[in-house]
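Data first, discussion second: the structure below is written as structure tokens.
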Amino acid sequence: MAESAVKFLLDKVAPFFENDLQLLGGVREEIVYLRGELERMTAFLRVADAFEESDEEVTVWVKQVRDIAHDSEDVLDEFTLLHAHDHGKGLYSSIHRFSCCIKNMKSQYRISAELQGINSRIRKISEVHMRLRHKFNMAEQGSGSSTAGQTWEDHRSDALLLEKTDIVGIDEPIKQVVGWLVTGGSGREVVSVAGMGGLGKTTFAKQVYDAAEVKKYFKVRAWITVTQSFKLGELLLDMIQQLHKAIRRPVPEGTNNMNNNQLKTMIKAFLQKRSRVILTTRKADVASTTSKESGGRVFNLEPLPQLESWELLCKKTFQGNSCPPHLEEFSKSILRKCEGLPLAIVAVSGVLATKDKSRIDEWDMVGHSLGAEMEGNGKLKDLKKVLSLSFNDLPFYLKSCFLYLSVFPEDHQIERMRLVRLWMAEGFIEAKQGKTLEDVAEDYLNELLNRSMIQAAETTIEGRVKSFRVHYLFREIITSKIRDQNFVTVAKEQNIPWPNKVRRLSMHTSLQYIQKNMSASQLRSLFMFGVTENPLLQTIFPGGFRLLNVLDLQSSPLNVFPVDVVNLFFLKYLSLKGTRVKTIPRFIGKLQNLETLDLKHSLVTELPVEILKLQHLRHLLVYRYEFIPNGFLHSKYGFKVLPNIGALTCLQKLCFIKANQDGGAILRELGKLIQLRRLGIVHMRKQDGKALCSSIEKLTKLHALSITSVEEDEIIDLQHISSPPLLLQRLYLRGRLDTLPHWIPSLHSLVRLHLKWSRLKDNPLVFLQYLPILLHLELSQVFEGDTLCFGAGGFKKLKHLGIGEFDELRCIEVQVGAMLSVEKLSITHCKSLEKVPSGIEHLNKLKVLELFNMPAKLFKTLSPHELGNDYWKVAHVPEVYFTNLRESRRRSTLWRV
């Protein structure tokens, strides 16, 4: 983990030489020495990570390196602040500039002295480093992962910690995987068992391996365990020995003298005929790749359902007896924290089994201090070891990203893009050629998902993860790590000791519990969750916090813009989302490093002209919205955009700007924002269509576009686009359309299309049905005809269709072969519709049918048994919801057929 801090510091040192800053000789010499020593140590920090938990001397050394990196970063940032003043022009400014020069000279001497002190500390720990090098060298020589160039799973604990009886409810899955093994092709196939640590993958695989049918079918079998510290040659020899033992033949002479390639060739020849490999892994991409390459399959092992989790807990805690009634509430509370992990349930049951069943307080204590129990209770140490393997296996750049999740409260659903922007502001994201920082951050997030370190909480129909959560037990691992490394301080309880220097502070409690006289000189990030008092920052931190990079006050009870922000030169992320702030002051222009300004759901409707000074701004979010029927997201309030908005050339997301000002000049400015990925426009007028079309053609990186007319009857003129953005994935148009824009059917990347208020004369389905990967289509007041026909072969990939507010619509027809993939069909506010869609029985994959606010003639009663033939058409749909338009009080009914 110290590697991340050192690497971040080295990146920060580079500009001191590249930008030719005016450095006193002493300062330059100290920085040169600092950089050289840290670069020399970096090579060993990654190896040192493996020793941190087992070698106290290494642990102390790593902590000292980390502290030096943090202190050095603070000193260099203080130096940067000396040169960051904007003195303006005129006589007064000249006098002020001269005064600052004198102060800067004094400050440079002070900084030089501080760097000398830091370098003195470096010399001392360099001596320790020389003593430790033999350990690092031995670790590198003994690491198979270094030799093989890969990182391998360690299953030493998995197979031994769970007995066969500890995994319940897997009889059918075992039969399924056994069936995959004994049937299939004549070549070699790989069956991968994937899932997070603690699910019992190895135990599951061992039961498949020992199944009678497998033994009968495969006379030659070998069970190989791969550890993190394996040596490839020894592993291959072990495999050859087991294979020859199975066929009762001696290993050929000279095998021990073969190199790795020769050993691989021997094994490959041995397995050339019909063979199967079972692989267990925590990494979804490893499972997918190995199985695809061999024509095999992947079995994703899932957490136990609630009922089976309870069965396992009772079996292990109460020796098969039922749980005493007075302990049931406490037992279920503890069980919820295990979240279906068999290893966790077995380990926690072992602890509970030792508790006095008459002492409720003992059981309550386990539930409230499970994290502490994992640290000190021998029965839970193995659980911690297995879960820690996943963390230890992370590359260094992901470890900081993963520990950062601790800033969010327990059970909090973390928004994907919020985290992406925060990681960028913290400097966790490495630039990669051909990718934006956002792209790289998304890769990091996907890798954590792939490794089962985080879990998707909300996913869009196209598979994008909108939010995710962290397993409770992984949170406990994170909590212990951030405490040891002073990575984040979480304030959620009274009287909890804080470190001397707090680097990141996340408030989950009342502000009155903040430690008095706490030093905020090193504070880089500040979050507030559930804080009910007005966060007056200068009162909380009277000593100041000038080095802050992140200030997240989302949903705080804040009525005015915090004036303390004016001095935060290094601030990259500022969120006032969900506050009552109405006005942004002109001094916002001083925040020249700001990358994200999130004002969503605040009361801000206008920005000062000084916002144009923020040349690093990438995400400008200023809007409020409300949901309306049909699933449409209706932007109600945007903001008045500045005439020269095109100056903010780094912008990636701009939502939602008001278009009805200054003619088409504002919309022409948008064409300069060529980095835009997401653009939202409200109050669009017909006469500005040409200007907007001209800009859209230039926004070749656009992924999402939303346009709403100034009035419901106002025409949106989008016919002047000849080269639309080919990467466009999501398109939302709300307003009258003379005709469907001719370029929409050419958007082969489009996955989501929402049309509202279009009132087209011609049926748009004819033009939209062959969009190749369209997954979600919402149509509201789009067509003035009385019939909608979905033709055979159309909308092959579509999964969700919404139809709403078609006043004249009487009939919906679904032909055989249409919408073969549709899973959800929603029809709302179609007052003339006479019956359920004709041909709905052809939608074999339909799972949900919603009929909301429909006429009484469509459903005369709320009983499905009186619907006659129409009922039997939808009898194959698992869930049907409907409301009757004539009901004075809205009511919905769910059928489960």
Side-chain angles (χ1 to χ4, degrees), residues 628-632 712 734 737 740 753-766 768-769 776-792 794-795 798-816 818-819 822-895 897:
I628 59 175
N630 243 14
F632 277 90
E712 184 175 327
R734 304 170 186 87
L737 297 173
L740 186 75
L753 175 62
H754 287 210
L755 299 176
K756 184 174 176 64
W757 304 332
S758 308
R759 296 190 178 88
L760 295 166
K761 300 297 183 183
D762 298 322
N763 185 350
L765 301 183
V766 176
L768 301 176
Q769 61 182 332
H776 189 168
L777 176 63
E778 292 282 354
L779 305 172
S780 180
Q781 300 182 46
V782 169
F783 178 49
E784 296 183 343
D786 61 0
T787 302
L788 273 181
C789 179
F790 294 85
F795 298 104
L798 196 67
K799 289 186 176 181
H800 185 175
L801 173 63
I803 299 172
E805 300 181 80
F806 281 63
D807 292 343
E808 308 300 324
L809 187 63
R810 298 180 179 275
C811 176
I812 300 175
E813 180 183 349
V814 180
Q815 295 182 358
V816 178
M819 300 190 292
V822 161
E823 297 175 357
K824 183 177 180 181
L825 173 59
S826 302
I827 305 175
T828 67
H829 295 85
C830 292
K831 61 184 181 182
S832 301
L833 194 63
E834 297 175 348
K835 59 181 180 179
V836 296
S838 171
I840 195 173
E841 63 271 20
H842 304 314
L843 304 179
N844 296 324
K845 293 188 178 180
L846 190 63
K847 297 176 181 177
V848 178
L849 173 62
E850 294 178 342
L851 304 169
F852 287 160
N853 285 351
M854 302 304 291
K857 60 186 177 183
L858 183 62
F859 295 127
K860 296 182 179 178
T861 72
L862 294 179
S863 170
H865 299 294
E866 298 183 22
L867 290 176
N869 293 333
D870 283 343
Y871 168 69
W872 297 112
K873 290 179 181 178
V874 298
H876 71 288
V877 184
E879 297 182 9
V880 180
Y881 303 81
F882 71 86
T883 57
N884 191 324
L885 191 62
R886 288 188 178 180
E887 289 175 321
S888 57
R889 179 182 177 188
R890 183 173 180 181
R891 181 159 60 99
S892 72
T893 300
L894 164 64
W895 313 333
V897 182

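Residue numbers run from 1 in the order of the sequence given.
Taking both residues in full, the closest heavy atoms of Met854 and Cys830 are given as CE-O, 3.8 Å, listed atom of the first, atom of the second, then distance. Heavy-atom minimum distance, Ile840 versus Leu849: CD1-CD2, 3.9 Å. Closest non-hydrogen pair, Val814 versus Pro837, comes out as CG2-CB, 4.5 Å. Among all heavy-atom pairs drawn from Ser780 and Glu805, the shortest one is OG-OE2, 3.1 Å. Closest approach of Ala818 to Gly791, counting heavy atoms only: CB-O, 3.2 Å. The two atoms that bring Asn763 and Phe783 nearest to each other are N-CE1, 3.3 Å, heavy atoms only.
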Just do the salt bridge (charged side-chain N to carboxylate O under 4.0 Å, His left out) check on Lys756 and Glu778 with the steps written out, would you? CA-CA 8 Å; Lys756 184 174 176 64; Glu778 292 282 354; over 6 Å; no
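Applying the side-chain contact (heavy atoms from CB on, under 4.5 Å) rule to Val822 yields the partners Leu798, Met819, Leu846; only residues at least two apart in sequence or on another chain are considered. Applying the side-chain hydrogen bond (donor to acceptor under 3.5 Å, both in side chains) criterion to Glu784, with sequence neighbours excluded, gives Lys761. Annotation: salt bridge (Lys or Arg N to Asp or Glu O under 4.0 Å) contacts of Lys799 (sequence neighbours excluded): none. Remark: His776 pairs with His754, His800 by the ring-ring contact (aromatic ring centres under 6.0 Å, His included) rule, at least two apart or across chains. Every residue two or more places apart in sequence or in another chain that forms a side-chain contact (heavy atoms from CB on, under 4.5 Å) with Val816 is listed here: His842. With sequence neighbours left out, Glu712 forms a salt bridge (Lys or Arg N to Asp or Glu O under 4.0 Å) with Arg759.
Rounded to the nearest 0.5 Å, atoms CZ (Phe790) and CD (Glu813) are 10.5 Å apart.
For the pair Arg810 and Glu834, the salt-bridge criterion is met [side-chain N within less than 4.0 Å of a carboxylate O].
Screening Leu777, Val782, Leu809 against Ile803 for a side-chain contact (heavy atoms from CB on, under 4.5 Å) leaves a single residue, Leu809.
With contacts defined as side-chain heavy-atom distances shorter than 4.5 Å, the pair Ile812/Thr787 does not qualify. Using a 4.5 Å cut-off on side-chain heavy atoms (C-beta onward), Glu850 and Lys824 make contact.
Between the side chains of Glu808 and Ser832, no donor-acceptor pair of N or O atoms lies under 3.5 Å.
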